[in-house]
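Below is one structure, written out as structure tokens; the observations come after it.
The figures that follow rest on heavy atoms only: side chains count, while hydrogens, waters and symmetry mates do not.
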Amino acid sequence: AVRDYILNPRLGNGGHWGLGCYFESKIGMFHELVQLWIRASYDVLFPNEEDRLFMFKKTLSSEDISPLAGGSFAALPDDAAKAQRLNDYIRQYIFPSSFKATVAPGGVLNFVAALNVDFTKRIRGALGYDFYAQGAESIKAIHNTTTDINSLRVTDAQGPSVYQHKIFTEYFYHNKKKDRDLGVGVGGDVTVSSQRIGEDWTVYLKALWSF
């Protein structure tokens, strides 16, 4: 089964449907030389079925599978029972099992604020802040198995709550004339703080022209 997961992983799904709302505002200041742009949104994601890996709860110890330790392992009636004991130990400590589960993702909150400044008629810049947060997942049930969900380490299979703080900036040169429109810019963003989510940075170039 583990070889199957590696060669043909079935984890995840096609995504979750959701429903959300947002608020957006743009405020001009200093005769429109500076614009403050704000956007806040919240999305609720609906439960859907996913293939997830689960570890079983730990009920065995190393003594329970050691022939040298004697005790319960030595007292097992035959090789089949001993093989089952070893298999149970492996599921609890080494290799997880895959089950189709109903997963409810946490809600997603996003807040973005940016200052756009027109330095000249052709040069403008922006500096902004981006906050992203998602609540913890909740696994409601498992399917197509006789395994009791209470025997699984469900908490370890659920995604935790996460958040990320980023700052971003962009500078753009725009030369617009009657017969042509030309622009070039550079920008990027970087993570300044995060919890249980990867830190990343981005640098980009962009060009604009019309003819």
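- With a 4.5 Å cut-off on side-chain heavy atoms, F54 and I142 count as touching.
- Panel note: side chain N175, backbone R122; no donor-acceptor pair is recorded below 3.5 Å.
- Closest non-hydrogen pair, V108 versus Y132, comes out as CG1-CE1, 3.4 Å.
- Scanning all heavy atoms of the two residues, the minimum distance from S194 to E199 falls at OG-CG, 3.3 Å.
- Taken together through direct or relayed side-chain contacts under 4.5 Å among Ile, Leu, Val, Met, Phe, Trp and Tyr, L115 and I167 form parts of separate hydrophobic clusters.
- Cluster membership for W17 and L19, using ILVMFWY side-chain heavy atoms within less than 4.5 angstrom, is shared.
- Remark: L36 CG to M29 CE distance equals 5.0 Å, nearest 0.5 Å.
- Residues R124 and N116 are not in side-chain contact: their nearest non-hydrogen atoms beyond the backbone lie 4.5 Å or more apart.
- Taken from NZ in K121 to NZ in K176, the straight-line distance is 13.5 Å, to the nearest 0.5 Å.
- Between R91 and D88, at least one side-chain N (NZ, or NE/NH1/NH2) sits under 4.0 Å from a carboxylate O, which counts as a salt bridge.
- Residues G15 and N48 approach most closely at O-ND2, 2.9 Å, considering heavy atoms.
- A donor-acceptor pair under 3.5 Å is formed between the side chain of Q158 and the backbone N or O of I139.
- Taking each heavy atom of E49 and T102 in turn, the nearest pair found is CG-OG1, 4.1 Å.
- With a 4.5 Å cut-off on side-chain heavy atoms, R153 and K57 count as touching.
- No donor-acceptor distance shorter than 3.5 angstrom exists from the side chain of R39 to the backbone of N110, with no hydrogens or angles considered.
- Hydrophobic clustering (side-chain heavy atoms under 4.5 Å, transitive across Ile, Leu, Val, Met, Phe, Trp, Tyr) groups I90 together with Y93.
- We find the CD-OG distance between Q92 and S61 to be 10.0 Å, quoted to the nearest 0.5 Å.
- Going from atom CG of N87 over to atom CZ of R85 covers 12.0 Å, rounded to the nearest 0.5 Å.
- Between T147 and the options N144, T145, I149, a side-chain contact (heavy atoms from CB on, under 4.5 Å) holds for only T145.
- Using a 4.5 Å heavy-atom threshold, the side chains of M55 and D156 count as separate.
- When side chains are defined from C-beta on, V112 counts as touching F168, because their heavy atoms get closer than 4.5 Å.
- Summarising the geometry of A157 relative to L53, their closest heavy-atom pair is CB-O, 3.6 Å, with the distance given to 0.1 Å.
- Residue pairs meeting the ring pair (Phe, Tyr, Trp, His ring centres under 6.0 Å) criterion with at least one member in residues 25-53: none, sequence neighbours excluded.
- Under the 4.5 Å side-chain heavy-atom criterion for Ile, Leu, Val, Met, Phe, Trp and Tyr, Y171 and V34 are members of the same hydrophobic cluster.
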Does Q134 form a side chain to side chain contact (heavy atoms under 4.5 Å, CB included) with I197? I'd like the steps, not just the answer. CA-CA 10 Å; Q134 182 170 8; I197 191 172; over 6 Å; no
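- H165 and Y163 have perpendicular rings, their planes meeting at more than 60° on a 0 to 90° scale where under 30° would count as parallel.
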For residues 184-193, which side-chain donor-acceptor pairs fall under 3.5 Å, sequence neighbours excluded?
unit_1, atom_1, unit_2, atom_2, d
D189, OD1, K166, NZ, 3.0
T191, OG1, Q164, NE2, 3.3
T191, OG1, D200, N, 3.2
T191, OG1, D200, O, 3.1

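- Under the 4.5 Å side-chain heavy-atom criterion for ILVMFWY residues, a single connected hydrophobic cluster contains both I27 and Y129.
- Within a 6.0 Å radius of CZ in F119, other residues, nucleotides and ligands contribute more than 12 heavy atoms.
- Contact check for Y22 versus D43: no side-chain heavy atoms found under the 4.5 Å cut-off.
- Between the NZ atom of K58 and the OH atom of Y89 there is a distance of 8.5 Å, given to the nearest 0.5 Å.
- Contact between A104 and K140 at its shortest, heavy atoms only, is CB-CE, 3.9 Å.
- For the pair F56 and L152, the minimum side-chain heavy-atom distance is below 4.5 Å.
- Two residues are said to be in side-chain contact when any heavy atoms from C-beta on lie closer than 4.5 Å; K177 and L182 fail this criterion.
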